Amino acid sequence: MSAPGFILVIAVAVLYSSGFYLLLQRSLMRVVFGITALGHAANISLLLTDEAITLPPLLTGHEGELSDPLPQAMTLTAIVITFGVTTFLLALAYRVWLGDGNDEVPNDVEDRRIKQLSEPEDSA
Amino acid sequence: MTSMIVRAPLHWLAAQLPTVLWLTTMWVLLWGDLAIGTIIAGAVVASLCYAAARLPVIPVRLRFRPLRVLRLASAIGLDLLTSSVRVAFHVLWRPRQVRGAIVEVPMRTDSDFLLAMTSSALSLVTGSVVIELNRSEGVVYVHGLPIESERAVARLRRQARTTEELFAHAFGTSEDIAKFEHEAEGTDRKEER
Amino acid sequence: MTILDYAYTATFVMLTLGVAFTLFRLVRGPSVLDRIICLNVISVLLVSFVAIEVALRGDVTYLGLMVTIALLGFVGPLIASRFAERRAHDRG
Amino acid sequence: MTAADWVTAVLMPVGALFSLIGIIGLVRFPTLLSRLHAATKPDTVGVILILAGAAFQLPDIRSAAPLALVALFQFVSVPTLGQTLGRVAYSRGMAAPEHLVVDELADALKDAEGAEPEQPETG
Amino acid sequence: MLIFALVLHAAFAVLLPPLVRVLGARVFFVASLPPALAVLWALSQAPRIVSGRPISASVAWVPALDISLDFRVDALALAMVVLVSGIGAAIFCYSVGYFHADERGIGRLASVMVLFSGAMLGVVTTDNLFALYVFWELTSVTSFLLIGHDDRKEQARRAALQALVTTVGTGLFMLVGFILLGGIGGTFRISELVADPPTDSPWLPVALVLILVGAFAKSAQAPLHFWLPAAMVAPTPISAYLHAATMVKGGVYLVARLAPGFADVDPWRALVLTVGLATMLVGGWRALRQDDLKLLLAYGTVSQLGFLIVLGGTGTQVAAAAMIGTLLAHGFFKSTLFLTVGVIDHQTGTRSIAALTGIGRRMPVLAGAGALAAASMAGLPPLIGFVGKEAALEAFLPGHVPAPSPAAAGVMLAGLVVGSILTFAYSARFVWGAFADKETVSERRFQSPSWAFVTAPVLLSAAGLLLGVAPQAADAVAQSYAAPLPVGDKPYHLALWHGFGPTLGLTALVIAAGALLFAARRTVEQAQKALARWPEAELGYHLFVHAIYAAALSVTRRLQSGSLSVYLGVILATMLALPGVRLVAALVNGDLRLPFGSEEFRIWDSPLEGVVAVVLIVATIAVAREHRRFPALIMLGALGFGVAGLFVLHGAPDLALTLILVETLTMIILVFVLRRLPSTFNVRPNGWTKRFTVLLCSAAGTFIAVTLWLMTDARTATPISGGFAERAEEVGGRNLVNVILVDFRALDTFGEIVVLATAAVAVASLVLLNRRSRVMEQNGAETPEENGAETEDAKEGTAGPRAGIGTKEILGNDLRPDGAHQPNEGGE
Amino acid sequence: MNLLLVIPFLVPLVGAAVTLLLRRTPRAQQAASVLVLAAVVVDAALLLAKTAGGTVATSQAGAWEAPLGITIVADALSALLVLVSSVVLLVVLLYAIGQDIGGLSRAMPQVFHPIYLVLTAGVCLSFLAGDLFNLFVGFEVMLTASYALITQAPTRARVRASMIYTVVSLTSSILFLTGVALVYGLTGTVNMADIAEKLGAAPEELRMVLALLFLVVFGIKSALVPMHFWLPDSYPVAITRISAIFAALLTKVAVYAIIRSQTLLFGRDDISAVLLWMAIATMIVGILGALVQDDINRVVAFTLVSHIGYMIFGLGLNTVAGIAGVVIYLVHHIVVQASLFLVNGLIRQYVGHTSLRAVRGLTTVSPALALFFLLPAMSLAGLPPMSGFVAKVALFKAGIEAGGWLVYLGVVAGVLTSLLTLMAIFRIWVRGFWGTPMPDMVEARAQLRSGSSRAGLRFTTAMTGVMVGVGITVAVMAGPLTDIAFTAARELLDPSAYIDAVLQKGPS
Ligand code: NA
Ligand code: NA
């Protein structure tokens with residue numbers, strides 16, 4: 001009985017899909033949004049490894065089934081880690097803005113140069 | 001704002017201490033235990049929220065009159081309820097035709113705190129939202145809903161002033177009240193004329 | 001089912017409808033201010049849902065959570081609206 | 001069904017109804033300022049009623065304290081948010097004059113502009 | 001002792017460079033000590049070795065991989081040691097005269113030469129395939145460095161790289177061959193493999209061909225010979241030592257080393273004989289038309305190496321004996337000739353036949369030594385060259401030998417005779433070209449060489465004479481080496497006189513025809529010019545290198561797009577291609593089944609889940625579709641509340657609480673960043689790219705969700721968390737999540753805090769500290785080392801890395817016409 | 001609590017806090033960092049001595065028994081990698097200190113030292129984690145530190161590079177977390193030994209899907225083709241000390257994770273074909289990229305990609321010899337990449353940049369520099385007697401022993417890659433080290449000789465020499481190293497000892 005309900009499977013699919021889609025955009029801000037969405041998706045995935053309707057994992061003597069506390073603990077750690085890293089990414093976006101006036105991830109310069117070569121530079 | 005934090009964090013903290021303390025107390029209250037960690041976390045969160053929200057600096061200088069407060073609370077509660085019902089009615093009944101008004105209400109108190117309280121309460125009650133607060137001239141501009149006529153405008157203005165009065169009596173210092181009543185006389189006279 | 005259960009169900013159904021309408025406004029906009037309002041409404045709805053949960057279980061566990069949602073649920077929209085204000089200022 | 005249950009059974013649906021109607025207003029009202037009214041006021045009443053309903057299901061009165069705190073926050077948040085949003089909406093010209101009986105702020109601004117080229121201080 | 005000698009080489013290599021300041025070019029005297037010691041030691045052990053008791057030594061290196069420095073000096077090794085170290089010592093002494101004291105990098109040169117000498121000593125004395133490869137490639141690398149000694153010449157750099165790529169590249173084939181051979185033979189000791197070859201393995205021919213490829217390239221066999229003439233740009237002592245006397249013999253040595261065990265394995269003999277003979281003829285023919293004496297010798301070397309490969313690879317006693325004789329002969333005469341050319345070049349400043357005249361008169365001693373060596377090369381008695389060639393012709397006389405079929409032997413014999421004729425002709429041409437008086441050429445002014453400079457060639461040519469007059473010494477070695485090989489009709493000994501027989505007749509034929517060919521040198525030259533030039537072997541190398549670079553460019557410019565979104569898209573595609581396809585396949589095959597229709601299947605566990613799910617779905621899609629920053633941010637907030645709702649629903653209030661806190665903080669930070677950025681994103685137009693992106697992302701998302709569904713559905717074991725509840729009582733905690741965080745998995749929590757703190761420091765250093773530096777810059781307190789991004793950003797592409805050295809100056813305008821950016825500009 | 005096991009990550013973390021406090025006193029800060037890393041080196045050596053024979057050392061953090069608490073585990077592989085990594089970290093740290101003394105870098109020491117130590121902790125924790133989620137945390141600690149480090153001295157190019165680096169790493173992290181969720185969903189545990197046992201009962205196909213997903217997760221971080229593109233665009237741009245450590249260690253941590261997960265968790269050789277194909281693609285695509293680069297750092301970065309292919313090839317063989325080859329290659333490659341990047345840093349110091357279009361005649365500029373480049377270059381090209389040769393032989397030998405057409409194809413690709421590596425790396429030598437130095441370069445060198453940064457320059461050069469020396473030591477010690485590698489490989493292919501030690505089933 002630990003598989004989640006179908007509607008949540010769909011929700012997870014949508015979360016991941018949209019997260020990936022945002023990740024593939026040029027604007028770093030959208031990438032941040034994507035990372036956030038993906039973080040949610042992963043956290044929900046962790047949580048969905050447990051039965052849905054359960055009591056909070058507290059030893060209060062209430063009747064009923066307790067939630068599995070381990071995924072919750074891991075999710076908690078993951079939430080905080082994702083937050084820290086997202087913050088860094090935002091700081092980076094700020095730096096990019098300082099330099100470029102926007103927050104786009106530009107293509108690599110050296111790759112671009114090589115792309116434009118028609119002949120190898122060292123052909124004996 | 002951040003630059004301010006960076007430049008003189010201590011100074012900034014000192015200035016905001018009361019508010020932060022209040023928020024921290026809330027935090028501790030909500031966690032329900034008095035552990036050091038909770039307090040620190042609360043202080044941090046409070047400071048952050050505060051810094052982020054850029055709440056106004058409120059010099060706290062007030063009294064507390066229980067009976068008056070009770071009266072105030074009930075008045076506000078009642079107002080809230082009735083205004084809710086009115087708005088609810090208009091939601092259901094021809095919402096496209098509902099009209100409002102932006103009304104200028106000169107305030108009589110010069111206590112920032114009372115002004116803030118009043119304008120907050122005004123936003124809650126009487127189908128109004130304060131959209132502009134000119135502190136230097138002591139004028140608030142209230143958006144009221146629904147307002148069909150000039151009479152309703154006057155009613156709104158009157159109600160706003162009543163609210164101010166209630167607040168002054170509940171929380172104002174004696175000077176506040178004294179000053180208030182003095183000014184109130186003048187205004188009343190003005191209105192009578 | 002007791003009357004109370006019917007009451008809960010009714011409450012639940014109405015709040016769910018509320019969620020649906022809010023989502024509609026959230027997505028439709030048209031202005032960002034509408035969306036900010038919706039964000040706040042959602043947080044309030046969340047509080048309401050949790051309140052049902054509390055009532056159902058007669059359990060104090062969620063109370064702290066409710067306070068947090070109530071507090072922070074308005075901080076977010078508030079920040080956003082401050083920002084919107086600044087934007088408007090910059091443009092004007 | 002105890003008495004407390006009865007109270008809850010009344011308060012909760014009524015609160016939910018308030019909330020719902022407010023939200024319907026959020027959808028149906030034509031102007032931003034009116035939507036703001038709809039979203040804030042009935043909603044506040046609604047949530048407070050629901051909270052009250054929930055409070056009656058709690059084991060003791062002490063544990064209901066946080067619920068009061070929630071209500072209090074609601075009282076603080078609604079005006080603050082309303083004021084900010086209202087101001088922004090107005091300054092962005094979203095006040096929709098055709099839906100206003102009078103706009104004394106506009107008059108005041110016009111006067112101020114005429115008298116001295118200084119905008120009223122905001123916030 | 002052998003190991004000591006090797007270590008001594010290495011030690012001297014380290015010691016020599018600092019000594020140059022004191023000794024100048026005389027440092028080469030010092031350098032000659034290790035090889036001299038080695039050859040003396042080898043000679044002292046000669047009787048014992050020749051009598052069939054090889055000397056062994058061993059140093060373990062990587063026993064688990066059978067890489068071990070085993071040494072074994074037998075007769076063949078002895079002959080090679082004499083060549084390698086003996087000639088080495090002589091050439092080092094010669095170098096004292098050749099190099100000026102102010103020669104650039106003389107210490108480095110001496111050092112690398114000694115290293116080479118040691119490596120070569122290792123090649124010829126080791127008994128382990130891997131150790132052989134080690135020393136082998138060490139000679140390749142040292143050879144590379146020596147060819148490129150004059151690194152300011154484009155030609156030298158090119159030749160060095162060409163030699164390196166050719167020899168190391170083919171060396172890799174050899175390495176694989178070694179591994180195969182050792183694998184099937186069960187040992188990596190050469191002596192054991194040769195003694196007991198794993199002939200029943202089908203992989204043996206493959207291994208041998210791979211090994212031969214390496215050997216052929218090292219010994220400059222056609223068509224891989226091109227690198228050797230090009231390598232002649234090196235200083236002459238190096239050409240003489242590496243590219244005539246020793247290194248190029250590596251391949252010959254290896255062939256000779258393995259022949260006793262593997263000559264009978266197809267296609268060894270066919271390969272060795274064909275390639276060797278072809279090389280001998282091609283080299284000889286090409287040598288006939290060279291004007292540069294050094295190139296003449298180089299092509300002569302190619303030819304001789306072909307000859308040696310034939311002899312070493314045949315695998316009969318006579319051929320083996322001939323190989324030993326010719327090996328020694330070639331070592332001595334070819335080094336002599338190179339040194340002679342070196343002296344001529346050094347004194348006169350030219351090596352061109354067309355520009356030299358009267359050298360014989362002016363430098364009679366040198367001319368004598370050169371002529372003697374050339375005679376040995378031409379195969380004239382009583383020199384060791386003659387002894388070797390006699391034996392070689394004998395080896396292929398039909399009926400005398402068991403191994404090659406009579407027809408093949410006949411062809412080989414004819415080929416060898418033709419090759420020898422060519423050899424005679426170019427030997428004569430060399431003597432004439434170097435020493436003769438030519439009327440057409442005007443004489444140059446030059447000084448006579450010092451005695452020390454001439455000593456080495458004289459000694460080396462004398463050694464050739466000595467060995468010829470007294471071939472017993474060489475014969476003893478030859479007999480010892482040839483002993484395990486199949487015997488012909490009668491035992492054969494290296495000697496000057498075998499009586500009148502077919503070989504003597506053939507020798508006479510060679511001399512006569514060779515003399516004729518020399519006399520007709522004009523005609524031959526014209527004939528060579530007139531013949532359509534066949535494609536140069538070097539062209540193959542260039543085509544190979546060009547193909548590699550072209551492929552590299554076309555692959556890289558297509559793949560390395562530089563675009564982050566493409567990179568991430570490819571990552572997603574990979575995820576779909578690997579686990580995704582696997583999952584779909586399993587679903588299609590019916591190995592896995594989605595829970596539809598099973599008892600497990602539920603739309604939701606509570607209608608509230610439906611509400612939450614709808615919030616999640618709507619908010620997420622809205623975020624993804626929104627192209628205005630601010631509304632997207634609001635939707636993201638709504639999404640956060642939705643997730644929090646799910647958490648509440650699933651009994652995780654702590655998570656909901658933390659999430660809302662974190663969401664709020666994120667929103668605050670986002671707003672701070674956001675307010676600086678433009679209000680809308682640059683959105684790409686709708687097109688197939690966008691549609692494809694949507695498709696890809698949806699597929700990836702669906703894959704993960706379905707996998708999650710299946711995984712949770714298939715759970716077999718109960719979660720371990722059951723244990724936490726009981727243990728929590730012990731600790732005294734009631735909130736299990738808290739207990740796990742602070743107790744059971746405190747380490748994770750600790751890590752989480754570290755992450756947070758680190759991120760905070762990173763953010764601070766990225767945002768705050770640099771702001772300070774910006775302020776500094778505004779105040780004009782600009783120092784190139786300390787200023788942050790801003791100044792540098794402004795100067796990107798031209799920014800000076802440090803201390804006032806601008807990249808601009810360094811790069812120069814002509815080098816960077818497009819003002820291209822340096823990806824890592826700005827130094828540190 | 002086994003102290004030996006926790007020192008490698010706890011001490012650096014404490015050190016990070018201390019160095020943060022000491023940020024106003026550079027000397028003390030430097031001393032503290034060096035001391036911390038030296039302690040880790042010593043500890044790692046002791047740990048290796050303990051585990052080299054095949055003992056699995058475990059420590060239950062917080063004394064909670066295995067599946068409940070977090071287990072720290074060191075087998076031969078972990079201990080070996082911790083030792084090599086800490087040595088490299090120490091030498092690079094000294095190099096960095098030399099730069100700071102000479103004012104040769106724009107990095108901010110006050111931030112650099114603490115974060116560098118955090119990175120150390122992350123790397124060590126990743127190697128020692130016996131718990132999948134803890135491995136995730138270790139990765140995150142390492143990565144967060146790396147995000148902070150890659151933006152040191154943030155030029156525009158570096159910010160651009162760090163965007164690519166960070167976003168790709170984050171993607172991998174998210175997928176990792178997803179993977180943890182999936183594993184927990186299937187098995188209900190995160191202890192790796194426990195997972196290994198419980199996965200046995202899981203449906204075969206699901207196990208394979210997980211195995212492949214984790215291959216992708218760690219494949220991103222270890223830059224397996226086609227998930228490698230980000231690496232050459234980001235590593236070479238960072239400042240020397242950072243790119244050296246990134247190139248040397250970070251990808252190797254990911255390779256370690258691939259090894260650990262594919263042997264211990266998912267096991268068996270169903271996935272071998274995939275690994276071999278990826279290995280072949282990685283080797284070839286990587287080295288082709290290296291051939292067309294203009295910047296020395298980028299050449300080396302592309303060879304890094306390419307040579308990851310060697311390691312995956314060895315893993316794909318799924319034999320003791322193959323995995324032993326991987327272990328040897330790991331150790332070799334860690335040191336050699338660090339050496340090359342340090343040398344490139346020296347070049348940058350001496351002449352200002354590392355573009356092959358504008359660097360000539362470095363042998364003339366500095367013979368020591370030339371020697372320090374040549375030796376690791378030889379090693380990278382697999383030329384004897386350097387460590388690269390031993391590693392290559394180990395892999396080729398294992399490949400030829402294993403057999404099969406795909407494996408032979410892999411060997412052929414390996415041979416070709418070896419040759420192309422030689423061409424790529426000696427192209428640097430021929431173009432950059434030989435020839436007539438440009439006048440500016442000579443001038444720059446002369447200025448440096450007389451300038452105030454002289455001491456720092458000498459020190460950095462010496463430290464580069466030390467790193468090269470470490471490489472030579474690896475070659476000399478190849479015998480014992482190989483023995484350890486074989487022990488490690490046997491442990492990996494038969495994880496019963498590991499599982500028993502972690503779950504405390506038998507006497508350990
Ligand atoms: Na649950
Ligand atoms: Na990496």
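Within every chain, numbering begins at 1; the chains are lettered A, B, ... in the order of the sequence lines, protein sequences first and strands thereafter. Small disclaimer: the values here were computed from a predicted structure and weren't measured.
Proximity of M74(A) to Y184(F): side-chain heavy atoms (C-beta onward) are separated by under 4.5 Å at one or more points. Considering only heavy atoms from C-beta on, F133(F) stays 4.5 Å or farther from L70(A) through its side chain. In this structure, the side chains of L182(F) and S45(A) stay at 4.5 Å or more apart for every pair of heavy atoms.
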Exercise for review: Quick one: do D108(A) and F229(F) satisfy side-chain contact (heavy atoms from CB on, under 4.5 Å)? Show the steps, please.
Suggested key: CA-CA 11 Å; D108(A) 189 86; F229(F) 301 111; over 6 Å; no

Check your understanding: Going through the checks in order, is the side-chain contact (heavy atoms from CB on, under 4.5 Å) test met by R113(A) and D294(F)?
Key -> CA-CA 10 Å; R113(A) 192 186 69 80; D294(F) 166 66; 3.0 Å; yes

Exercise for review: Dump the intermediate steps for side-chain contact (heavy atoms from CB on, under 4.5 Å) on L92(A) and Y147(F), then the final yes or no.
Suggested key: CA-CA 10 Å; L92(A) 204 59; Y147(F) 304 150; over 6 Å; no

Check your understanding: Going through the checks in order, is the side-chain contact (heavy atoms from CB on, under 4.5 Å) test met by F136(F) and T77(A)?
Key -> CA-CA 10 Å; F136(F) 170 76; T77(A) 307; over 6 Å; no

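Applying a 4.5 Å heavy-atom cutoff, the residues of residues 31-39 of chain A that approach chain F are V31(A), I35(A), L38(A), G39(A).
Considering only heavy-atom pairs separated by less than 4.5 Å from chain A, the leading option among V167(F), L186(F), L356(F), T144(F) is V167(F). Note on Q293(F), M163(F), E140(F): by heavy-atom pairs under 4.5 Å with chain A, the leading option is M163(F). Put simply, of T171(F), I174(F), L175(F), the one with the most heavy-atom pairs under 4.5 Å next to chain A is I174(F).
The side-chain hydrogen bond (donor to acceptor under 3.5 Å, both in side chains) check on D103(A) picks up S27(A), R629(E), with sequence neighbours excluded.
Among all heavy-atom pairs drawn from R95(A) and P154(F), the shortest one is NH2-O, 3.6 Å. Nearest heavy atoms, A78(A) versus L177(F): CB-CD2, 3.6 Å.
Using a 4.0 Å cut-off between charged side-chain N and carboxylate O, D111(A) and R298(F) make a salt bridge.
Contacts of S162(F) with chain A are made by both backbone and side-chain atoms, with heavy-atom separations under 4.5 Å. Contact of V190(F) with chain A is made through the side chain alone, with heavy-atom distances under 4.5 Å.
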